[in-house]
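First the structure, in the form of C-alpha cells, and then the observations on it.
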Amino acid sequence: MLNWKNFDELSSYQALKDAKRVDVKTVMSGDSGAERVKKYHVPMAEGLDYNYAAKAVDDDILGKLADLAKEAQLAEKFEELYDGAVINTGEKRLVLHHLTRGQLGKDVIADGVNKRDFYVEQQKRIAEFANKVHAGEILNEKGEKFTTVVQIGIGGSDLGPRAMYLALENWAKVNKTLKMTAKFISNVDPDDAAAVLESTDVAHAIFVLVSKSGTTLETLTNQTFVMNALRRDGLDPSKHMIAVTSETSPLAHSDEYLAAFFMDDYIGGRYSSTSAVGGAILSLAFGPEVFAQFLEGAAAEDKLATEKDPLKNPSMLDALIGVYERNFLGYESTAVLPYSQALNRFPAHLQQLDMESNGKSVNRFGDPVSYVTGPVIFGEPGTNGQHSFYQLLHQGTNIIPLQFVGFRHNQIGMDDTIQGSTSQQKLCANVAAQIVAFACGKEDENLNKNFKGGRPSSIIIGDQVNPKTLGALLAHFENKVMFQGFVWNLNSFDQEGVQLGKVLAKRVLAHDTEGALKVYSDLLNI
C-alpha cells in the first residue's frame with residue numbers, strides 16, 4: 001500500500017534537517033578530494049557515470065537519503081507509474097512516456113488498448129513513412145525528393161526534439177546518417193517563422209505540425225503562416241505537411257496532411273521526445289535506425305531507475321541529493337552546464353522539464369505544502385558559460401549547485417593539437433578545473449580575488465554524445481524530476497500554471513478587457 005505523504009510528515013525529513021553538514025571545501029581538498037572522486041560515483045547506462053564527489057554529502061547523509069527513499073517509497077511509486085496507475089492526479093491520467101521506449105513492468109491497458117502496442121505501432125508507421133521519403137517513394141508535387149524537415153510546435157513539442165536534433169546533427173554528418181536537415185518554428189512571433197522560411201527551400205521541405213489537442217493557438221497560427229507561404233509559392237500545403245496529434249483531434253483525419261501520427265493524453269509534452277513528437281522529425285532527419293538507438297539508450301537508463309537501492313540508482317540518487325540541497329541547504333537554483341556544444345539546447349529543455357513539472361506549491365491532492373519545491377534551472381554550454389555567468393557562480397552571494405556534463409571525445413573524430421593540446425583536451429581541462437575551483441576556491445588577501453569555494457557540483461561523464469548516450473542522458477533527467485516530485489508529494493505531470501495566461505490572452509484578442517489588462521492591450525496596439 002502506497003502512502004502519499006507530504007515531505008515534512010516523514011521521519012526522514014527531521015533526520016536530514018538535524019544531520020551534520022559537510023564542508024565541501026574541506027572534503028575536496030588534498031588527498032581527501034582525490035579519494036572522494038574515486039568513491040562517490042555510480043555507473044549509468046551506455047557507459048555514462050554519475051560522479052557526486054563534490055556534493056555536500058558523506059556516508060551519514062547518504063544513509064539518511066537512502067532512508068528517505070525507502071520511507072517515501074520511491075521505487076514502489078515508480079513501479080506504480082510504469083504499471084499504469086493514475087499518477088497524474090490533476091488530470092486523472094496515466095503517465096506512460098517510459099512505454100515509448102520499452103516495457104518495464106506488466107502490460108498497460110487503457111481505453112481498451114494495449115498502450116505499448118499502440119506506441120510501437122506509431123513508431124513503425126513513422127519509420128515506414130520516413131524510409132519512403134528517404135527512398136523517394138514520397139515526393140513533392142514536382143516528383144522531387146524532400147531535403148528539409150521543419151517542425152511546427154511549441155513547449156514540449158519544440159524544446160525536447162530541437163535539443164535532441166542539435167545534439168546529434170554533427171554526429172549524423174560524421175556517421176553519414178543525416179538524411180534531411182531539420183529546422184524548427186515555435187514562437188508565435190512572425191519573425192520566427194519568417195526567418196525559418198526565408199532560409200528554407202520550401203518546395204523541398206516537409207512540415208511536421210505537432211499539437212496533441214489540435215487547438216494550440218501558437219502552433220495553429222504558425223501553421224497558417226506556413227500554409228500561406230506555400231500557397232504564395234504556388235505549392236499545395238497538403239502535399240508538404242504531416243501531423244503529430246491525438247486520434248481524437250481535428251487534425252487526426254484531415255485531408256490537409258500527407259499523414260498523421262498519434263500520441264495520447266498519457267504522454268506530457270515535456271516528456272514526449274521519445275514519442276511520435278520526437279520520433280517523426282528525428283526519424284526523418286537521421287533515419288529510423290538512429291531514433292531506435294536513441295530509444296534503446298533511454299530504455300537502458302529507465303531500467304537502472306527501477307533499482308531500489310538509491311546508491312546504485314543514478315537518477316534516484318541525483319534526485320535525493322537535489323532535494324537535500326533545496327530543502328536543507330537552502331539552495332534555490334541549479335545550473336546545468338554541459339561541456340559539449342552538441343548539448344547547447346539541452347539546458348533549455350531541462351528548464352521546462354524540471355520547472356514545469358515541479359514548480360508547484362500544492363501537493364498532488366491540491367493542498368498547500370509548507371516546504372520549498374522545484375529549483376530554478378538555467379544553463380549554458382561550457383566554455384561559453386565561463387565567460388558569461390560563472391562570475392556569480394564563483395563569487396556571488398548565492399551558492400548555486402552545478403550539474404556538469406562532460407565527454408572524453410568529440411563527435412567529429414578529428415582534433416588538431418594547438419599549443420600542446422587538442423581542443424577537446426582544452427575543453428575537458430576546463431570542466432575538471434571548474435569542479436575543483438568551485439569546491440576548493442583560493443584564498444587571497446585581496447578580497448576581490450578571493451574565492452571562498454564550497455560550491456557543490458556533480459558531473460556526468462561519458463565517451464561521446466551519440467544516440468544511445470543521449471537517450472540515457474534524457475531518461476536520467478526525466479527520472480530525476482519524477483523522483484523529486486515523489487519526495488515532495490507533487491503531481492509532476494500537469495501544468496496548470498501555463499493556463500491562466502492563455503485564457504487572458506484570448507480575452508485580449510476578443511477585446512474583452514478591463515482595468516490593467518485593457519491598458520496594457522492598448523499600449524501594445526492590440
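Just so it is clear, the values below take in all heavy atoms, side chains as well, and ignore hydrogens, waters and symmetry mates. Note that the structure is predicted; figures quoted are calculated from it, not measured.
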Checking K39 now: which residues fulfil salt bridge (Lys or Arg N to Asp or Glu O under 4.0 Å) with it, not counting sequence neighbours?
D59
Would E301 and L304 satisfy side-chain contact (heavy atoms from CB on, under 4.5 Å), going step by step from the backbone distance to the final call?
CA-CA 5 Å; E301 192 65 31; L304 280 181; 4.0 Å; yes
Heavy-atom side-chain contact between M164 and F346 under 4.5 Å
yes
Does the plane of the ring in F486 sit parallel, tilted or perpendicular to the ring in F483? Use 30° and 60° as the thresholds.
perpendicular
Using the salt bridge (charged side-chain N to carboxylate O under 4.0 Å, His left out) rule, take D107 and R116 through it: C-alpha gap first, then chi angles, then the decisive distance, then the call.
CA-CA 7 Å; D107 287 347; R116 172 67 180 153; over 6 Å; no
Tell me yes or no: between the side chains of E46 and T469, is some donor less than 3.5 Å from an acceptor?
no
I'd like to know if the side chain of D192 reaches the main chain of I185, judged simply by a donor and an acceptor atom lying under 3.5 Å from each other, with no hydrogens or angles considered.
no
Does K115 pair with D264 as a salt bridge, N-O distance under 4.0 Å?
yes
Just checking, any donor-acceptor pair under 3.5 angstrom between side chains of S492 and N358?
yes
Determine, step by step, whether S457 and Q403 satisfy the side chain to side chain donor-acceptor pair (under 3.5 Å) criterion, reporting the C-alpha distance in whole Å, the side-chain angles of both residues, the deciding distance to 0.1 Å, and the verdict.
CA-CA 6 Å; S457 69; Q403 287 201 308; over 6 Å; no
In terms of side-chain heavy atoms, does T274 have a donor or acceptor partner in R101 at a distance below 3.5 Å?
yes
Which label fits Y371 and Y13: parallel for a plane angle under 30°, tilted from 30 to 60°, or perpendicular past 60°?
tilted
For M316 and A75, work out which heavy atoms get closest and say how close.
CE-N, 4.0 Å
side-chain contact (heavy atoms from CB on, under 4.5 Å) evaluation trace for V487 with Q484
CA-CA 5 Å; V487 172; Q484 288 187 328; 5.6 Å; no
State whether K106 and E79 are salt-bridged, where the test is any N-O pair (Lys NZ or Arg NE/NH1/NH2 against Asp/Glu carboxylate O) under 4.0 Å.
no
Apply salt bridge (charged side-chain N to carboxylate O under 4.0 Å, His left out) to residues D494 and K360 and explain how you reach the verdict.
CA-CA 10 Å; D494 67 0; K360 312 286 176 65; 2.9 Å; yes
Which heavy-atom pair separates L48 from L473 by the least distance, and what is that distance?
CD1-N, 4.1 Å
Okay, side chain of S29, backbone of K25: is any donor-acceptor separation there less than 3.5 Å?
yes
Give me the atom names and distance for the closest heavy-atom approach of A72 to L10.
CB-CD1, 4.0 Å
Verify, without hydrogens or angle tests, whether E71 (side chain) and S11 (backbone) share a donor-acceptor contact under 3.5 angstrom.
yes
All heavy atoms of V244 vs all of M263, minimum pair found to be O-CE, 3.9 Å
Sub-4.5 Å side-chain heavy-atom contact between I281 and F184
yes
Whether S388 side chain and G385 backbone form a donor-acceptor pair below 3.5 Å
no
So, for P368 and N6, which heavy atoms are closest and what is the spacing to 0.1 Å?
O-ND2, 4.3 Å
Are any of the side-chain heavy atoms of V369 and F7 separated by less than 4.5 Å?
no
What I want to find out is whether K468 reaches E296 closely enough, with some N-O distance under 4.0 Å, to be called a salt bridge.
yes
Quick one: do D354 and K480 make a salt bridge, cutoff under 4.0 Å?
no
Counting only heavy atoms not in D18 (residues, nucleotides, ligands), do more than 12 fall under 6.0 Å from its CG?
yes
N51 side chain to A53 backbone, donor-acceptor under 3.5 Å:
yes
Nearest heavy-atom neighbours spanning E356 and Q495
CG-CB, 3.5 Å
Treating Q395 as the side-chain partner and N448 as the backbone partner, does any N or O pair qualify as donor plus acceptor under 3.5 Å?
yes
Which atom pairs, one a donor and one an acceptor, fall under 3.5 Å between side chains of residues 428-439 and the rest of the protein, sequence neighbours left out?
{"from": "N430", "atom 1": "OD1", "to": "Q386", "atom 2": "NE2", "distance (Å)": "3.0"}
{"from": "N430", "atom 1": "ND2", "to": "K426", "atom 2": "O", "distance (Å)": "2.8"}
{"from": "Q434", "atom 1": "OE1", "to": "H394", "atom 2": "NE2", "distance (Å)": "2.8"}

Using the salt bridge (charged side-chain N to carboxylate O under 4.0 Å, His left out) rule, take K308 and E76 through it: C-alpha gap first, then chi angles, then the decisive distance, then the call.
CA-CA 8 Å; K308 289 182 168 56; E76 292 80 6; 5.3 Å; no
I'd like to know if the side chain of K212 reaches the main chain of I267, judged simply by a donor and an acceptor atom lying under 3.5 Å from each other, with no hydrogens or angles considered.
yes
Between H41 and D49, a side-chain donor and acceptor under 3.5 Å:
yes
For L393, does its backbone N or O pair with a side-chain atom of R455 as donor and acceptor, under 3.5 Å?
yes
Side-chain ion pair, D60 and K20, N-O less than 4.0 Å
no
List, one per line, each side-chain donor-acceptor pair under 3.5 Å for residues 327-337, sequence neighbours excluded.
{"from": "N327", "atom 1": "OD1", "to": "W488", "atom 2": "NE1", "distance (Å)": "2.8"}
{"from": "N327", "atom 1": "ND2", "to": "V372", "atom 2": "O", "distance (Å)": "2.9"}

Does E218 use its side chain to pair, donor to acceptor, with the backbone of S186 at less than 3.5 Å?
no
Could you tell me if the side chain of L2 sits less than 4.5 Å from the side chain of E80, heavy atoms only?
yes
Going by side-chain contact (heavy atoms from CB on, under 4.5 Å), I87 matches just one of V95, L94, N491. Which one?
V95
Verdict with supporting geometry, E169 and Y165, side chain to side chain donor-acceptor pair (under 3.5 Å):
CA-CA 6 Å; E169 185 179 31; Y165 171 78; 2.8 Å; yes
How about F493 and Y271: are their ring centres within less than 6.0 Å of each other?
yes
Has Q351 got a side-chain atom pairing as donor or acceptor with I377's backbone, closer than 3.5 angstrom?
yes
Ring centers of H98, F78 separated by less than 6.0 Å
yes
Does D444 pair with K442 as a salt bridge, N-O distance under 4.0 Å?
yes
